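A quick write-up on the structure given underneath.
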Amino acid sequence: MRVKGQAYRSICLAADGIGIEVIDQTQLPFHFQVVRLESLEEAVGAICRMLVRGAPLIGATAAYGMCLGLRQSSCTQALEEMARRLMGCRPTAVNLRWAVERMLGCLRPLPEEQRLAAAYGEAGRICEEDVAANEAIGRWGLALIEERWREKPSGEPVHILTHCNAGWLATVDWGTALAPVYAAAAAGIPVHVWVDETRPRNQGARLTAWELAAAGIPHHLLVDNAGGHLMQHGLIDLCIVGADRVTAGGDVCNKIGTYLKALAARDNRVPFYVALPGSTVDWTVDEGLTEIPIEERGMEEVLGIQGEDESGSIRTVAIAPLGTPAVNPAFDVTPARLVSGLITERGICRASREGLLGLYPEQGG
Ligand code: MRU
């Protein structure tokens with residue numbers, strides 16, 4: 001996608017073919033900074049401190065993190081240790097495990113001296129496949145948006161609500177939930193996006209609003225609690241969100257607050273779709289509520305809020321009495337029964353085992 005006319009991906013191999021360049025998302029929307037990662041330590045830090053975030057991007061960063069680690073040592077013990085460290089960074093997004101396991105599957109059988117070059121090749125393929133998958137999600141989702149548009153009085157935009165950031169910043173490019181929005185805009189279908197702020201880290205306010213502004217897509221930011229009210233007043237035609245893990249049974253784990261939007265959508269007969277690449281499906285898990293580890297983050301994210309002060313520095317201010325206890329689960333699970341459909345790179349299916357297996361038959365049996 002473009003930032004001030006220049007094409008960017010959220011992650012790419014540096015021109016010297018060694019370092020990895022990522023956008024520091026903790027600085028957005030206030031500062032646009034590209035950061036170079038040079039070591040496994042730095043890749044682990046970038047994922048843990050959320051310079052990079054979003055399930056597919058975490059996976060891509062972990063894949064390149066293994067390349068950086070292999071520059072130090074390519075013996076099997078070092079390889080396994082790197083994989084363990086990367087997989088421990090964030091527990092919920094299954095793309096992290098998927099990418100690390102894919103890298104291990106490629107590298108383990110190779111002699112040590114061939115591993116480094118093979119790792120860069122495989123990490124590059126993971127990134128290219130993510131871009132292609134998201135483009136395809138965009139095409140499938142476009143059909144859905146177009147369908148809604150044809151039902152509306154002529155000239156009216158399709159109003160789409162999204163939660164968190166599942167745009168290009170959360171993937172290598174295009175995004176998942178926002179890919180259909182970008183595709184619709186490119187096809188000349190008028191779209192307007194309702195952006196949930198997504199407390200506590202405000203990925204909607206900080207990242208989605210920034211992405212949409214950069215792409216010239218009309219949007220409004222709303223507090224997390226406003227979505228149900230807008231649905232009751234017929235102001236939302238469609239919800240599209242991303243996912244950190246979708247179970248083989250179709251349950252959807254995504255940013256905290258997604259479940260409440262799905263409940264409101266069901267009560268108001270607003271279609272609720274989830275956009276994801278195949279790498280987000282966890283075929284080892286059927287039931288989401290009890291089987292997906294939910295990341296618990298620090299209380300400070302709830303007790304404070306970050307913004308930019310007049311001098312251009314990013315600062316945190318307290319929003320609750322000192323000493324207030326808080327909880328901070330980062331994700332929740334939306335049961336499959338509340339999901340209208342899953343938009344994948346292979347098509348749109350029902351949120352169920354049968355639906356998913358219809359698109360991914362190789363996972364059956
Ligand atoms: O904590 P984050 O910012 O990594 O959470 C991101 C989300 O919940 C996204 O919706 C999800 O990863 C899908 S990204 C295409």
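Numbering of ligands and ligand atoms starts at 1, following listing order. What you are looking at is a predicted structure, and each value in this text was computed from that prediction instead of being measured.
- As a member of the Ile/Leu/Val/Met/Phe/Trp/Tyr network built from side-chain separations under 4.5 Å, V252 groups with V241, V246, F272, V274, L276, V281, W283, V339, L342, L356, L357, L359, Y360.
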In sequence, state the C-alpha distance, the side-chain angles, and the governing distance for N95 and T280, and then conclude on side-chain hydrogen bond (donor to acceptor under 3.5 Å, both in side chains). CA-CA 5 Å; N95 304 61; T280 300; 3.0 Å; yes
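- For N268 and Q232, the side-chain atoms include no donor-acceptor pair closer than 3.5 Å.
- By the 30° and 60° cut-offs, the orientation of the rings of W168 relative to W210 is tilted.
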Can you list every pair where an N/O of ligand 1 is under 3.5 Å from an N/O on the protein?
from     : atom 1 : to   : atom 2 : distance (Å)
ligand 1 : 1 (O)  : R90  : NH2    : 2.8
ligand 1 : 1 (O)  : K255 : NZ     : 2.8
ligand 1 : 3 (O)  : R53  : NE     : 2.9
ligand 1 : 3 (O)  : R53  : NH2    : 3.2
ligand 1 : 3 (O)  : Q203 : NE2    : 2.9
ligand 1 : 4 (O)  : G54  : N      : 2.9
ligand 1 : 4 (O)  : R90  : NH1    : 2.9
ligand 1 : 8 (O)  : D244 : OD1    : 2.8
ligand 1 : 8 (O)  : N254 : OD1    : 3.1
ligand 1 : 8 (O)  : K255 : N      : 3.4
ligand 1 : 10 (O) : N254 : OD1    : 2.7
ligand 1 : 12 (O) : A55  : N      : 2.9
ligand 1 : 12 (O) : D244 : OD1    : 3.2
ligand 1 : 12 (O) : D244 : OD2    : 3.1

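- Membership of the apolar cluster around I319 extends to I305, V317, as traced through chained side-chain contacts below 4.5 Å between ILVMFWY residues.
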Table please: side-chain donor-acceptor pairs of residues 48-71 below 3.5 Å, with sequence neighbours left out.
from : atom 1 : to   : atom 2 : distance (Å)
R53  : NH1    : Q25  : OE1    : 3.1
R53  : NH1    : N165 : OD1    : 3.0
R53  : NH2    : N165 : O      : 2.8
T61  : OG1    : L57  : O      : 2.7

